[in-house]
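Here is the structure we will look at, set down as structure tokens.
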Protein chains: 2
Amino acid sequence: MAEIQSLARGLKILNLLEQARDGMGTTEVAKEMTIDKSSASRLLHTLANYDYVVQDDSSARYQLGPRLLTLGQRVLDRISLRDRARPFLDKLVDATGECAHLAILAQRQALYIDQVESSAALRVESEIGTLSPLHCTALGKAMLAFGDGAMPDSLRPFTQRTITDQAVLQAQLLQIRQRGYAIDDEEYNYGVRCVAAAVHDHRGLLLGAIGISGPAGRVTLERIDDFGALVRQVAGDLSAKLGFVAGC
Amino acid sequence: MAEIQSLARGLKILNLLEQARDGMGTTEVAKEMTIDKSSASRLLHTLANYDYVVQDDSSARYQLGPRLLTLGQRVLDRISLRDRARPFLDKLVDATGECAHLAILAQRQALYIDQVESSAALRVESEIGTLSPLHCTALGKAMLAFGDGAMPDSLRPFTQRTITDQAVLQAQLLQIRQRGYAIDDEEYNYGVRCVAAAVHDHRGLLLGAIGISGPAGRVTLERIDDFGALVRQVAGDLSAKLGFVAGC
DNA sequence: TGGCTTGTTGCTAAATATACAACATTGTTT
DNA sequence: AAACAATGTTGTATATTTAGCAACAAGCCA
């Protein structure tokens with residue numbers, strides 16, 4: 001499978017710009033990619049011609065362009081699961097007072113495709129579009145448990161509690177299948193606990209997962225199983241609405 | 001300014017896929033681009049390697065990939081105006097019961113970057129990320145009136161009421177500058193009226209516009225000036241919060 | 001089965017992109 | 001202020017890369 005080099009380079013530049021907080025200059029891009037300034041310049045111009053990047057008027061630095069926003073939104077629109085799931089996310093927020101999320105599998109990670117905030121006052125940056133590892137998030141583990149059996153390649157630790165042993169993970173996935181919900185007990189971010197359950201389509205295939213997340217102070221270990229039962233119930237209702245018949 | 005051909009072709013393919021409702025096959029892409037199948041195949045593979053497209057398991061057809069969602073969201077995150085404007089959009093929805101929108105200028109069009117729905121029950125597809133013409137939308141005209149004076153190249157008609165004459169448009173822009181708000185009276189979509197006002201930064205430069213839109217039955221011509229005063233007021237409050245001192 | 005379409009892979013000619021260099025432009029330092 | 005440094009852009013020739021052709025493989029339908 002031969003790659004088209006210049007296209008690949010262009011896409012790599014977009015990946016670079018994603019990281020850069022406030023843009024990158026031509027020379028900077030060239031250095032990072034270990035290509036010549038002139039090549040970087042021409043690639044960036046081509047990207048700019050199609051609005052995939054924009055150059056700041058004053059600083060002449062390049063940033064990701066509005067075209068990506070448009071295209072990204074198209075990806076979202078195509079995921080009808082998102083529309084169907086929204087009322088169920090609202091339900092979770094109403095019942096728990098915590099944030100609710102919807103994710104699907106993409107690039108062997110959990111791709112957040114919707115989010116409902118618990119309080120409009122406390123507004124955080126949207127996590128929609130972000131990718132998270134599967135082995136240490138509730139949404140991810142719920143999808144692993146009911147997925148096609150493919151395991152993540154590496155169990156990278158993020159906190160002290162992150163599961164790094166395949167056997168331990170396998171055991172927990174079995175438990176998740178039995179209980180119907182997955183828990184992330186500060187395994188990804190300190191001070192944050194999450195509960196999630198898988199969503200299935202009419203053929204029983206895994207579609208994604210929904211869940212809630214909140215500060216460990218509110219989502220306590222005493223309450224977490226109640227939350228689990230709730231999330232499992234709501235995820236089941238959603239699956240049912242999508243035509244999934246439990247026990248099939 | 002020489003364009004890198006293969007990169008440009010890759011980007012054009014993404015543009016194509018944006019239009020295709022349920023994906024495109026290799027041959028289809030090749031035909032549409034008037035390039036060889038083999039070239040299309042290799043370009044698509046490269047795009048797929050970086051998750052800019054995905055091929056459906058069963059049909060082998062290509063669709064826009066999750067990477068675009070991630071990148072698009074980064075574009076949104078960078079627009080801090082969006083965070084600052086959100087409470088003001090909420091205010092507009094509370095006061096009018098109609099949908100509120102925030103847009104900025106991009107690619108000489110109005111790029112919608114946020115939206116607040118009037119009723120959670122009635123959920124339409126998100127317009128975030130979509131581009132609309134400037135000369136026949138309230139948000140667009142508000143930005144034209146307070147922008148750098150650059151006019152749209154063509155005044156394409158969308159409805160019977162769309163302004164297609166430069167002189168008429170210029171006259172209306174003057175009026176908008178005087179009144180402080182712009183109106184779209186079924187000039188873009190039949191049965192929809194919109195009201196919008198410009199948002200400025202601390203130096204008085206145009207940042208974007210906010211406004212409301214609703215069915216002509218509710219947003220009547222009698223009420224529209226009241227809505228206009230309201231939108232102008234709220235947009236002014238937002239500008240003030242961003243450091244804009246009126247009269248500077 | 002036999003035609004039909006679609007997707008992928010070798011191969012070589014030929015177009016294309018690359019790096020080098022020179023130049024223009026901006027900002028910085030003494 | 002003036003020289004300097006750093007950045008971005010534009011020719012140009014070489015050499016790499018890509019494009020199209022053709023053959024092949026795989027699925028689909030009648």
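Below, chain A is the first sequence line, B the second, and so on; all start at residue 1.
The separation between L44(B) atom CG and dT6(C) atom C1' is 13 Å, rounded to whole Å. Look at CD on Q5(B): it is 16 Å from P on dT17(D), rounded to the nearest Å. For the pair K31(A) NZ and dG8(D) C1', the interatomic distance rounds to 13 Å; values are reported in whole Å. Rounded to whole angstrom, the span from the CG atom of L43(B) across to the P atom of dT9(C) amounts to 14 Å. Spacing between atom CZ of R9(A) and atom P of dT16(D) amounts to 13 Å, rounded to whole angstrom units. Rounded to an integer number of Å, the gap from I35(A) CD1 to dT16(D) P is 17 Å. Between E32(A) atom CD and dT7(D) atom C1' the separation is 17 Å, expressed in whole Å. Look at CG on L7(B): it is 17 Å from C1' on dA19(D), rounded to the nearest Å.
To the nearest 0.5 Å, atom CG of residue L64(A) and atom CZ of residue R74(B) are 9.0 Å apart.
Side-chain atoms of S39(A) lie closest to dA19(C) of the nucleotides dT10(D), dA19(C), dT18(D). Comparing atom distances between the K37(B) side chain and each of dT8(C), dT18(C), dG20(D) picks out dT8(C) as nearest. When the nucleotides dT9(D), dT9(C), dG8(D) are ranked by their closest atom to the side chain of Y62(A), dT9(D) comes out on top. Out of dT9(D), dA19(C), dC21(D), the shortest distance to the side chain of D36(B) is found at dC21(D).
Of the charged side-chain nitrogens involved, none lies within less than 4.0 Å of a carboxylate oxygen, so that D184(A) and K141(A) do not count as a salt-bridged pair.
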Q. Passes salt bridge (Lys or Arg N to Asp or Glu O under 4.0 Å), R67(A) versus E18(B)? Steps please.
A. CA-CA 11 Å; R67(A) 194 79 244 282; E18(B) 186 196 2; 2.3 Å; yes

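Contact between the side-chain N/O atoms of R42(A) and the OP1/OP2 oxygens of dA19(C) is not found at any separation under 4.0 Å. Side-chain N/O atoms of Q55(A) include one lying less than 4.0 angstrom from OP1 or OP2 on dT9(D). Dashed line: the shortest gap from a side-chain N or O of T27(A) to OP1 or OP2 of dA6(D) is not under 4.0 Å. Close to dG8(D), at under 4.0 Å from its OP1 or OP2, lies no side-chain N or O of R61(A). Phosphate proximity of dT10(D) to S38(A): absent, as no side-chain N or O sits under 4.0 Å from OP1 or OP2.
The residue among I4(A) and G25(A) whose nearest nucleotide of DNA chain D is located toward the 5' end is G25(A).
Heavy atoms of S6(A) sit under 4.0 angstrom from primed sugar atoms or phosphate atoms, though from no base atom.
Scanning atom types as modelled, no donor and acceptor separated by under 3.5 angstrom connect the side chain of S41(B) and the base of dG7(C).
Counting non-hydrogen atoms of other residues, nucleotides and ligands closer than 6.0 Å to CZ of R177(B) gives a total above 12. For Q63(B), the CD atom sits in a packed shell: over 12 heavy atoms of surrounding residues, nucleotides or ligands are nearer than 6.0 Å.
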